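To keep things clear, I will list the structure first and then write my remarks on it.
Residue numbers run from 1 in the order of the sequence given. Everything quoted here is computed from the prediction, not taken from an experiment. Basis for what follows: all heavy atoms, side chains included, without hydrogens, waters or symmetry-related copies. Whatever order the structure lists them in is the order used to number ligands and atoms, beginning at 1.
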Amino acid sequence: MPASITEENYLKAIYLISLQGNGKIPNLAIAQQLEINPATVTEMLRKLAEKKWIQYTRTEGASLTQEGQILALKVIRKHRLWETFLVQKLGFSWDEVHEVAEQLEHVQSEKMLDQLDQFLGYPRFDPHGDPIPNALGQIPRSDAYLLSDCKAGDKKTFVGVANQSQSFLQYLDKVGFKIEDSIEVEEITDFDKSMHVILNGEKRSVFSARVCQSLLVV
Ligand SMILES: [Zn+2]
């Protein structure tokens with residue numbers, strides 16, 4: 001039996017939280033990620049543990065088994081491929097694809113997914129710059145770091161967003177700053193860590209510290 005939509009969402013949530021690097025994931029973190037009541041989490045986690053997709057104890061929390069991780073990566077692969085498809089082929093903007101991909105990520109057809117991957121030319125990153133796991137579950141490595149870790153004089157390329165909220169993505173659209181654009185840090189204001197930047201070698205702008213902490217560059 002394939003995992004249900006709810007089960008897939010749990011596995012994906014556990015995987016995404018585990019990327020932040022803290023071993024076992026407590027119930028509360030899973031509830032927050034899924035935006036649900038913590039009281040309802042325990043029962044589902046027990047069920048996932050019974051199916052051997054996670055290891056779970058109430059005191060320590062949950063971690064994915066190898067089988068659980070494969071399932072989680074499959075969902076993420078679907079999500080990110082669909083986001084890429086929606087932007088590249090259907091003309092969606094990058095701030096409106098997430099909600100649609102949340103639904104499409106649960107379509108069960110291995111064949112469709114592989115064809116979609118091929119149709120898109122095996123993309124390695126989605127429109128937000130997130131790595132797309134390949135059919136074997138391997139994830140392209142990204143050496144990206146936050147713009148806020150750069151120093152004055154650095155010349156970088158914008159490769160992804162660490163904040164995928166609609167308001168932030170719309171802000172970047174308004175500034176006219178897109179993935180693959182270049183950015184040069186001209187000066188960092190000591191007082192509030194805002195950055196004076198030059199975009200694509202010509203357009204001057206000032207990015208707040210919060211914006212700098214939300215942009216990934218290489
Ligand atoms: Zn998304």
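- Screening K74, R77, K12, K78 for a side chain to side chain donor-acceptor pair (under 3.5 Å) involving E105 leaves a single residue, K12.
- Excluding waters, the set of protein N, O or S atoms lying under 2.8 Å from the Zn ion (ligand 1) comprises H79 NE2, E83 OE2, H98 ND1.
- With sequence neighbours left out, Q69 forms a side chain to side chain donor-acceptor pair (under 3.5 Å) with no residue at all.
- A heavy-atom distance below 4.5 Å is not found between the side chains of Y145 and L216.
- A cation-pi arrangement, defined by a distance under 6.0 Å to the six-membered ring centre and an angle within 45 degrees of its axis, is absent between K47 and Y10.
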Full working for side chain to side chain donor-acceptor pair (under 3.5 Å) between Q164 and H98: CA-CA 9 Å; Q164 300 194 2; H98 180 76; 4.8 Å; no
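- The backbone N or O of K151 lies less than 3.5 Å from a partner atom in the side chain of D154, making a donor-acceptor pair.
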